[in-house]
2 protein chains.
Amino acid sequence: MTMNILRQRNVVLNTAKKHNHLRCGECPIRHRAVCAHCDKAELEQLDQIKTYRSFGPGETIVWSGEKLTFVGSVVVGVATLSSTLSDGRRQMVGLLLPSDFLGRPGRATATYDVVAATDVTFCMFQKDEFERMIARSPNLGNRLLEMTLDELDSAREWMLLLGRKTAREKIASLFVIMARRDAALHQSAPRDGLHFSLHITREAMADYLGLTIETVSRQISALRREGIIELVDARTVHVPNFEKLLDQSADDADGGILA
Amino acid sequence: MTMNILRQRNVVLNTAKKHNHLRCGECPIRHRAVCAHCDKAELEQLDQIKTYRSFGPGETIVWSGEKLTFVGSVVVGVATLSSTLSDGRRQMVGLLLPSDFLGRPGRATATYDVVAATDVTFCMFQKDEFERMIARSPNLGNRLLEMTLDELDSAREWMLLLGRKTAREKIASLFVIMARRDAALHQSAPRDGLHFSLHITREAMADYLGLTIETVSRQISALRREGIIELVDARTVHVPNFEKLLDQSADDADGGILA
DNA sequence: GGCCTTCCTTGATCGAGGTCAAGCAGGCGT
DNA sequence: ACGCCTGCTTGACCTCGATCAAGGAAGGCC
């Protein structure tokens, strides 16, 4: 079984798979956005303008409404994108894992908060310099469009989750995604079950799934009680049978039974 | 008051405002995507390859998983984008109003259903021809990126609604958006209150908001009972005081009180 | 060691919204 | 005119997840 189910139909990973930007030996950093299919000239240019910056857990990287001065991608760690209602209700609208891109060329200000969930290191470029590069290389622009379309697709998939899935399905879906991301990143074909880290707190999961901390905790406990997952520690999950987890997520295995 | 609140902070309308693609006299059709800031050469090329197609209410324009052969934009009517879970639960992930663009250059297959909500007329281009045009004109590519970023922003705004807003706030938010779109489209500065059409059925609203038909109906009735809206008929809403409606939507008036 | 704090879990209760069910209004074809 | 749709409303009831509340586990710091 497994490796087939693990192969996300989402294009994010398909693209990564085709060329394997995620660990392209020639890329100084792991961001598929600017890897340029290992175009030497582009890479050298990017190398010259890149800088690294790190943030601690809970640290806000960008405030909503703030002026955007850079773009970049995650090298290690996890960052979150979230919007907040005036009374404090918060909703995560995106999750940045290693290799994910942050920033919107052509946009002046941020429209949501970017917060480090763990220790995070970014590889960054000055926004105006990056934009100048885009103007010069249409290649780069096209890849950005592709990436943005990918993001849009996952945002819409998430809308389905938020609007229509039950608490249990939400948790299972999140775990499925985390497992797939982890597997893709480590190139690990799982033999005797999967093993992955959630990285984030229960609170962050709740904010991502549109639930409360308590419900998240209860559903995780329920899945554990039923043997669908095992908890090594609070944030490390072992999945003995991935298909069983998938069954709980209300997602089609791949492409659906109909059609 | 009013015209100021009506001015959506979302870039979609700001862009439209700057140049007013929506009624650019030189554009044969109203799509801001390819209006090309009224670039004559581009327009002529587009004119040559464009075709019109119409669909009746309930008709499916594209099935999820189907091969995509065209792109285009709505001229009149309303179309919806929706995903469906295998057990039939449905979630709308987008709404196409006149001037909105449909399609993803560079993508082979659709990832969700596109259904006509009313009588709809599309102005369409063969996908491959359109892509060839993009390749030739980087301008067009940039505008597509901008559009996609706009869509991503509204998708994420919608995630906040789906995950964290109450039924009442969801309804109010939808009405606010519909009212703004209508106002922008008709360039109507509302004097004695707003007047707009919902176009879509209660079911479509429910699917959009992640609610059931019954809840939608009940919340609309409640807003009517409290004098916040008036119903001319089931799908035509009159808003005597827009600010009162806005108060119910849990949205910041413009940019928020904080920050 | 002892004492924070932060994160997580579990229990008891409550309520918003879903479900089931009935009925009404308007359009359309015969 | 009639019946028959489909779309909308309203009521009664129930359930899932939120809320309120308490306590346990794992660091970090004195």
Side-chain angles (χ1 to χ4, degrees), chain A residues 56-59 78 85 87-91 115-119 161-174 197-225 229-237 248 250, chain B residues 56-59 78 80 85 87-91 115-119 161-172 174 197-225 229-237 248 250:
Chain A
E59 202 173 336
V78 182
L85 256 27
D87 63 359
R89 280 175 283 172
R90 196 182 320 153
Q91 174 67 50
V115 182
T118 63
D119 279 304
L161 175 143
L162 290 171
R164 295 303 188 193
K165 287 190 183 175
T166 65
R168 153 171 294 234
E169 290 166 346
K170 286 177 174 182
I171 294 285
S173 299
L174 179 66
S197 169
L198 294 168
H199 300 295
I200 56 175
T201 64
R202 298 287 187 266
E203 190 182 21
M205 292 186 228
D207 283 343
Y208 202 20
L209 299 169
L211 297 171
T212 58
I213 289 185
E214 293 94 326
T215 301
V216 169
S217 185
R218 268 189 262 272
Q219 293 298 333
I220 291 179
S221 297
L223 287 173
R224 187 169 45 71
R225 229 176 296 122
I229 61 168
E230 288 155 25
L231 289 184
V232 179
D233 64 60
R235 298 197 195 171
T236 312
V237 182
Q248 303 292 321
Chain B
E59 202 173 337
V78 181
T80 65
L85 256 28
D87 62 0
R89 280 175 283 173
R90 195 182 321 154
Q91 175 65 51
V115 181
T118 62
D119 279 305
L161 176 143
L162 290 171
R164 294 303 187 192
K165 287 190 183 176
T166 65
R168 156 170 291 234
E169 290 166 346
K170 286 177 175 181
I171 294 285
L174 179 65
S197 169
L198 295 168
H199 300 293
I200 57 176
T201 65
R202 299 286 187 266
E203 190 180 21
M205 293 186 227
D207 284 344
Y208 203 18
L209 299 170
L211 298 172
T212 58
I213 290 184
E214 294 94 327
T215 302
V216 169
S217 186
R218 269 189 261 272
Q219 292 299 333
I220 292 180
S221 298
L223 288 174
R224 189 168 46 70
R225 229 176 295 122
I229 61 168
E230 289 155 24
L231 290 184
V232 178
D233 64 61
R235 297 196 196 171
T236 312
V237 182
Q248 304 292 322

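Every chain is numbered from 1 and lettered A, B, ... according to where its sequence line falls, protein lines coming before strand lines. Only this structure's heavy atoms are used, side chains among them; waters, hydrogens and symmetry mates stay out.
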Decide side-chain contact (heavy atoms from CB on, under 4.5 Å) for A/Arg168 and A/Gln248; before the verdict, give the C-alpha distance in whole Å, the side-chain angles of both, and the deciding distance to 0.1 Å. CA-CA 7 Å; A/Arg168 153 171 294 234; A/Gln248 303 292 321; 2.8 Å; yes
Strand DNA chain D as a dot-bracket string - pairs counted if Watson-Crick or G-U with both distances under 3.5 Å, | where the partner lies in another strand: ||||||||||||||||||||||||||||||
Measure the spacing between CE of B/Met205 and NZ of B/Lys170 and express it to the nearest 0.5 Å. 14.5 Å
Any chance you could list the contact pattern along nucleotides 16-27 of chain C? Use B for base contacts, S for sugar-phosphate-only contacts and - for none, protein heavy atoms under 4.0 Å, 5' to 3'. -SSBB-------
State, yes or no, whether a side-chain contact exists between B/Leu198 and B/Val237 at a heavy-atom distance under 4.5 Å. yes
Please lay out, stage by stage, how A/Ile171 and A/Glu169 fare under the test side-chain contact (heavy atoms from CB on, under 4.5 Å). CA-CA 5 Å; A/Ile171 294 285; A/Glu169 290 166 346; over 6 Å; no
Measure CG/B/Leu198 against P/D/dG7 and give the value in whole Å, please. 15 Å
Do B/Ser217 and B/Glu214 come close enough that some side-chain heavy atom pair is under 4.5 Å? no
What protein N or O atoms touch nucleotides 5-8 of chain C N or O atoms at under 3.5 angstrom, if any, and at what distances?
from, atom 1, to, atom 2, distance (Å)
C/dC8, OP1, A/Arg235, NE, 3.1
C/dC8, OP2, A/Arg202, N, 2.8

Whole-Å gap separating P (D/dA18) and CD (A/Gln91): 12 Å
Rounded to the nearest 0.5 Å, how far does CG of A/Leu162 lie from CD of B/Gln91? 8.5 Å
B/Arg224 atom CZ is separated from D/dT9 atom P, nearest whole Å, by 7 Å
To the nearest 0.5 Å, how far apart are CG in B/Asp207 and CD in B/Glu203? 5.5 Å
Separation of C/dT10 atom P from A/Leu223 atom CG, nearest Å, is 13 Å
Reported CZ-to-CZ distance for the pair A/Arg218 and A/Arg225, which is rounded to 0.5 angstrom: 10.5 Å
How close do A/His199 and A/Arg235 get, counting heavy atoms only, and between which atoms? O-NH1, 3.2 Å
Side-chain heavy-atom pair A/Leu231, A/Thr236 within 4.5 angstrom cut-off: no
